[in-house]
Amino acid sequence: MSAAVRCISLLHLQKIKASIRINNRISSLLLNRANMSASGDQGSSCFMEPRAVVKKVFAEQVPEGEGGTVGRSIGGFELRRFDPFLLLDEFSASPPVGFPDHPHRGFETVTYVLGGAFRHEDFTGHKGLIRAGDLQWMTAGRGILHSEMPVEPLTKGLQLWVNLASKDKLVEPKYQELTSAEIATAEETGVKVRVIAGESMGVQSQIFTRTPTMYLDFTMQPGASLSQPTPKSYNAFVYTLEGEGIFGSESSEPVPAHYCLVLSSGDGLRVWNKSSKPLKFVLIGGQPIGEPVVQYGPFVMNTQAEIRKAFEDYRYCKNGFEPAKHWRSSQ
């Protein structure tokens with residue numbers, strides 16, 4: 001064999017060995033990633049753009065309803081809105097305090113009861129109890145007049161307002177209601193999730209969201225960690241309910257209960273519970289609508305003229321508010 005041929009053969013052999021080493025590295029990386037995914041702790045390396053906490057807002061107590069107060073984060077002084085979200089209240093009420101007859105137009109209310117029970121009733125005849133763990137996703141659309149009153153002491157939960165795009169603001173009202181047992185759940189290594197909207201741990205909610213939304217209720221045991229993917233186009237936030245947790249960066253300070261944490265853009269969130277008690281929080285995200293918002297009390301539209309029209313329709317019981325003329329709740 002000539003020297004030239006031996007040189008070519010040697011170069012060819014070196015290329016083959018290098019290719020084998022690269023393939024082995026790729027296989028190892030894929031295997032490690034698959035193992036991390038199976039364990040439910042994918043690590044920040046699995047996120048191209050991990051989300052971080054960019055604003056922390058305490059839920060200040062504000063008057064609401066008839067004699068009641070709520071802890072308001074979104075919709076308050078520090079965080080007026082967070083597209084597509086208009087309001088987030090953490091409520092706690094006991095009879096006779098509550099939220100008697102009041103209208104809505106142009107958005108959705110999402111009521112998630114964490115303890116006790118609410119009686120809901122509206123001017124179409126729709127009524128019923130929303131108990132601990134239950135969900136009501138109400139599309140007010142062109143108009144609803146309803147009441148929400150606690151029937152048990154210390155009824156507590158969250159109410160979220162989700163804006164609707166202009167094309168959906170005058171749709172017919174609609175309810176989606178799930179009992180606690182009907183809400184999809186999943187659990188992995190010290191982390192339990194209730195999937196109210198969207199998807200987590202391979203489990204998907206049955207709730208249809210006109211404004212694309214994810215709403216996940218997590219409970220993390222001491223020492224547990226979580227990697228939750230999020231649609232990159234969504235605006236997202238966390239609201240802490242119990243315990244304290246570390247969000248976004250493992251080196252950040254723990255956050256206690258009753259804080260709204262606005263997250264940066266990204267494709268996932270990391271969370272750690274390094275405390276000695278369970279951590280409970282919700283992770284909520286939604287597709288920004290990017291339209292003008294004009295809000296006056298319970299009406300949310302795109303222009304001042306539409307707000308004036310909403311008040312006129314409600315006052316004169318027309319264009320969706322016809323049943324309001326003779327209706328009063330029984331509560």
Side-chain angles (χ1 to χ4, degrees), residues 62-72 75 85-164 169 171-183 194 196-197 205-211 213 215 217 282 284 297-300 310 314 317 320-331:
V62 298
E64 187 61 50
E66 192 171 276
T69 60
V70 296
R72 180 163 297 167
F85 305 111
L86 303 163
L87 176 142
L88 179 69
D89 282 348
E90 182 179 7
F91 59 82
S92 180
S94 299
V97 168
F99 311 96
D101 305 7
H102 59 280
H104 293 297
R105 173 180 277 185
F107 63 100
E108 298 180 303
T109 67
V110 182
T111 304
Y112 183 37
V113 175
L114 300 173
F118 256 112
R119 184 177 299 280
H120 175 269
E121 184 179 352
D122 78 12
F123 69 176
T124 70
H126 185 93
K127 63 175 66 176
L129 287 179
I130 313 172
R131 300 182 184 277
D134 293 352
L135 171 76
Q136 182 191 79
W137 199 293
M138 184 186 82
T139 303
R142 65 198 302 250
I144 277 287
L145 178 63
H146 72 158
S147 67
E148 302 157 294
M149 301 295 289
V151 295
E152 295 181 10
L154 294 179
T155 293
K156 60 182 181 178
L158 298 174
Q159 186 166 95
L160 176 73
W161 289 12
V162 184
N163 199 12
L164 290 171
K169 283 190 174 295
V171 297
E172 290 297 322
K174 179 182 178 181
Y175 289 93
Q176 299 177 83
E177 295 173 320
L178 298 177
T179 65
S180 181
E182 292 171 331
I183 294 177
R194 307 188 82 220
I196 294 167
S205 169
Q206 58 184 289
I207 292 292
F208 166 74
T209 59
R210 286 184 174 273
T211 301
T213 305
Y215 191 145
D217 175 9
V282 293
I284 299 174
F299 302 136
V300 183
Y314 176 57
C317 303
F321 285 107
E322 288 84 355
K325 188 173 185 178
H326 302 291
W327 183 80
R328 298 291 182 276
S329 68
S330 61
Q331 304 180 64

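Between the side chains of Arg194 and Tyr112, a donor-acceptor pair is found at a separation under 3.5 Å. Neither side chain, Gln159 nor Glu90, offers a donor N or O lying under 3.5 Å from an acceptor on the other. Of the N and O atoms on the side chains of His104 and His146, at least one donor lies less than 3.5 Å from an acceptor on the other residue. With 3.5 Å as the limit, one finds no donor-acceptor pair spanning the side chains of Glu108 and Thr211. For the residue pair Thr179 and Asp134, no side-chain donor N or O sits within less than 3.5 Å of a side-chain acceptor on the partner.
Gln176 CD: more than 12 foreign heavy atoms inside a 6.0 Å radius. Remark: Lys169 NZ is packed, more than 12 non-hydrogen atoms of other residues, nucleotides or ligands lying under 6.0 Å away.
Residues Leu160 and Trp137 have side chains not in contact (no heavy-atom distance under 4.5 Å, counting atoms from C-beta outward). With a 4.5 Å cut-off on side-chain heavy atoms, Ile183 and Leu135 count as touching. Side-chain atoms of Pro298 and His102, non-hydrogen and from C-beta on, never get closer than 4.5 Å to each other. Within the 4.5 Å cutoff, the side chain of Thr213 has heavy atoms near those of the Val162 side chain. When side chains are defined from C-beta on, Tyr215 does not count as touching Ser205, because their heavy atoms never get closer than 4.5 Å. You'll find the side chain of Glu66 stays beyond 4.5 Å of the side chain of Phe99, heavy atoms only. Proximity of Thr209 to Ile207: side-chain heavy atoms (C-beta onward) are separated by under 4.5 Å at one or more points. Looking at Val110 and Gln136, their side chains never come closer than 4.5 Å, going by heavy atoms from C-beta outward.
Although no hydrogens or angles enter the test, the distance criterion places a donor-acceptor pair under 3.5 Å between the side chain of Ser94 and the main chain of Leu154. One N or O on the side chain of Glu322 and one on the backbone of Gly320 form a donor-acceptor pair closer than 3.5 Å. Lys174 places no side-chain N or O within donor-acceptor distance of the main-chain N or O of Ala140, the cut-off being under 3.5 Å. One N or O on the side chain of Arg105 and one on the backbone of Arg142 form a donor-acceptor pair closer than 3.5 Å. No donor-acceptor pair closer than 3.5 Å links the side chain of Thr69 to the backbone N or O of Pro63.
Note: Phe107 CZ to Phe299 CZ = 9.0 Å, rounded to the nearest 0.5 Å. Residue Asp89 holds its CG atom at 11.5 Å from OG1 of Thr109, rounded to the nearest 0.5 Å. For the atom pair Ile196 CD1 and Gln206 CD, the distance stands at 12.5 Å (nearest 0.5 Å).
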Run the numbers on Glu64 and Arg72 for salt bridge (charged side-chain N to carboxylate O under 4.0 Å, His left out), then give the verdict.
CA-CA 10 Å; Glu64 187 61 50; Arg72 180 163 297 167; 2.8 Å; yes
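For Phe118 and Phe91, the ring centers are positioned less than 6.0 Å apart.
The aromatic rings of His126 and Tyr175 lie parallel to each other, their planes meeting at an angle below 30°, with 60° marking the opposite boundary.
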